[in-house]
Amino acid sequence: MDHTSNKLKKEDEKIEIGETKPGINLQGYCTNVDCLAAKAKLPVWVNLGFGDISFNSDKTSYRCPDCGHFTVTSIIKAMIFNSEHSICASDNSIPVKDNHYQCFYVIKQGLAYELKAKKIRQHATNLEDLIDRSESAMMSNEILNLVAELQKYLITVVKPPKVKDKVRLLEKIQCDYSGDFNQVFDIGRFTILCDNPTKLQTAVAVMKKAEQFNLIVSEDKDFFERQSKTHHRFHNIKLYVPKHDVYVEMQATLKNFTTLEGYTIIENPKLSHLFYEHIRAWKPNNSEEEDLKQAGDETLTKINDIICEWIDDKGIQKIANRYKSHLDIGILKPPQLSKKTEIEINASVSLKMAQFVYEQLCKFTPEKMKGKAIYVILYEYYKKYLIGDKNPASCADFASLLQESRKQEIEEDIAILHALETYIPLQANNYPHLDGDDNKHDTYDCYQRVFQFLQEEKEEEDGEKKNEQIQQFHKKK
Ligand SMILES: [Zn+2]
């Protein structure tokens with residue numbers, strides 16, 4: 001009997017060196033004798049990004065990601081990621097044009113190749129056109145079928161109620177994309193909300209099989225495992241709808257992380273977005289504003305770290321423990337706002353920011369852990385950057401500053417200090433004092449006696465309370 005053929009087959013572990021990135025990636029072999037990857041005959045990935053390239057498959061000189069030398073001399077595979085691209089070879093094969101998010105091509109030995117890869121862009125002729133296409137796509141059977149499929153698995157799909165208001169959209173296009181409307185993808189953006197990370201994984205996998213719905217997944221950005229710049233945590237997929245020649249965005253995240261009105265469990269969910277809106281279009285005029293913007297960016301990141309749980313429960317709780325309500329500490333209005341008119345405030349981003357944060361701190365009264373932690377982060381930003389570390393940001397700060405200066409005054413006042421040193425405690429006895437009767441020794445410090453007495457009383461009280469609680473506990477049982 002042949003034992004070897006019956007054996008369960010082990011899967012070969014695929015070993016590749018280097019990682020793939022958006023744009024063109026070529027896999028080949030390094031020939032540097034001092035390169036470890038070359039010695040082990042392991043294929044390496046070379047990232048070339050977006051652009052046009054041409055090469056002869058066995059006469060290349062690309063940079064090896066391992067040894068850093070330009071010694072990758074032959075290519076065996078191409079992978080084009082998150083890109084509209086084309087590829088053609090010098091044999092009789094038909095050139096390919098594609099925009100699927102991840103395409104692998106075998107590169108044959110001895111052939112010449114030409115590759116073109118562009119970042120995904122819309123194909124509209126103007127903003128109106130883009131809005132029309134997006135709206136048609138969102139109502140198309142292709143998209144509706146995909147949405148229905150996701151909903152079958154109890155995944156929440158939220159369709160934006162209407163297209164964003166045009167003024168804001170134009171401002172955003174101007175500011176973020178220097179007027180290039182074909183870089184806008186969130187005109188019709190679906191939000192997909194899942195109960196847990198596994199459901200999210202399923203939702204993403206279903207979307208990636210969008211070909212069965214006549215849709216093409218053209219871009220896949222995983223900001224769920226990897227942090228985005230703003231630390232918003234989501235999986236972003238761009239779906240191409242061929243019928244309307246437009247891309248529609250699907251953003252998948254967990255129900256716990258969303259700040260979407262009507263779906264969120266975060267307290268004061270608009271806070272992070274409003275904060276973002278304040279700093280988004282801000283072009284600082286001086287180094288002071290530069291610092292303030294930088295601190296604002298960091299604060300927003302920290303708020304998102306709490307909302308999207310980049311910080312774990314324990315860490316969030318630790319921050320939340322520092323929470324003190326406005327009602328307890330009395331936040332003070334920023335002095336820079338005093339005697340300023342609404343017009344003056346609106347003309348300055350830093351004044352607007354000071355007003356916004358002050359108002360938020362006064363009206364936001366969080367009850368849950370995340371809410372409290374967010375409040376703490378916002379207050380700390382307020383205290384450090386909008387008020388200034390040395391100035392009081394609340395009545396409580398003011399009181400402790402007074403306390404501090406009183407202490408300092410006493411320390412500086414030699415007369416008082418001297419008086420304290422020679423201070424004779426008030427003494428008392430349990431019997432009336434008679435002149436010339438100095439021999440009795442049970443005299444005690446009057447203050448200490450009162451303190452002791454009060455302490456005992458309190459302990460007794462606490463003891464009684466405890467007893468009551470124990471009795472109640474037993475009754476319940
Ligand atoms: Zn190498």
Side-chain angles (χ1 to χ4, degrees), residues 7-121 201 204-205 208 216-229 231 233 235-238 310:
K7 244 188 185 170
L8 273 165
K9 212 181 160 200
K10 253 192 215 160
E11 195 176 319
D12 286 333
E13 195 183 344
K14 249 197 188 161
I15 304 171
E16 296 176 340
I17 307 296
E19 50 173 352
T20 54
K21 288 182 178 166
I24 300 170
N25 302 275
L26 299 178
Q27 196 178 43
Y29 289 103
C30 175
T31 50
N32 176 11
V33 285
D34 297 322
C35 176
L36 199 59
K39 223 175 250 173
K41 294 199 169 59
L42 295 170
V44 296
W45 279 113
V46 178
N47 312 124
L48 298 171
F50 297 100
D52 300 354
I53 60 156
S54 53
F55 60 87
N56 284 309
S57 62
D58 47 10
K59 286 193 197 76
T60 61
S61 55
Y62 289 116
R63 189 175 179 276
C64 170
D66 190 339
C67 65
H69 286 92
F70 291 84
T71 42
V72 177
T73 53
S74 61
I75 299 297
I76 53 164
K77 203 192 273 179
M79 193 278 247
I80 304 173
F81 186 52
N82 287 352
S83 166
E84 284 184 351
H85 64 271
S86 64
I87 176 168
C88 64
S90 58
D91 63 355
N92 295 325
S93 56
I94 301 162
V96 174
K97 254 182 108 167
D98 209 327
N99 62 351
H100 186 267
Y101 79 102
Q102 185 172 245
C103 291
F104 290 91
Y105 300 95
V106 174
I107 301 296
K108 288 183 195 154
Q109 214 185 341
L111 293 187
Y113 286 86
E114 240 183 69
L115 274 73
K116 290 178 180 167
K118 282 190 298 184
K119 244 181 122 160
I120 300 290
R121 281 165 53 87
Q201 212 180 0
V204 171
K208 282 188 181 170
I216 299 163
V217 177
S218 297
E219 197 177 88
D220 172 30
K221 282 187 183 162
D222 182 3
F223 292 129
F224 199 80
E225 297 306 329
R226 220 161 28 88
Q227 284 179 339
S228 72
K229 215 174 95 192
H231 290 200
R233 197 167 190 175
H235 210 114
N236 193 312
I237 283 181
K238 287 188 177 81
W310 290 111

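We count ligands from 1, going down the list as the structure has it; atoms in each ligand are counted the same way. Heavy-atom basis, side chains included; hydrogens, waters and symmetry copies ignored.
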If you measure from OG on S83 to OH on Y101, what distance do you get to the nearest 0.5 Å?
14.0 Å
How would you list, by chain and number, every residue that makes a ring-ring contact (aromatic ring centres under 6.0 Å, His included) with [X], sequence neighbours excluded?
{"X": "F81", "value": "none"}
{"X": "H100", "value": "none"}
{"X": "Y29", "value": "none"}

Look at the side chain of S57 and the backbone N and O of I75, then say whether any donor-acceptor pair between them is shorter than 3.5 Å.
no
Under a 3.5 Å distance rule, please check whether Y113 uses its side chain to pair with a backbone N or O of K108 as donor and acceptor.
yes
So how many protein N, O or S atoms does the Zn ion (ligand 1) have within less than 2.8 Å?
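Total protein N/O/S atoms under 2.8 Å from the Zn ion (ligand 1): 4.
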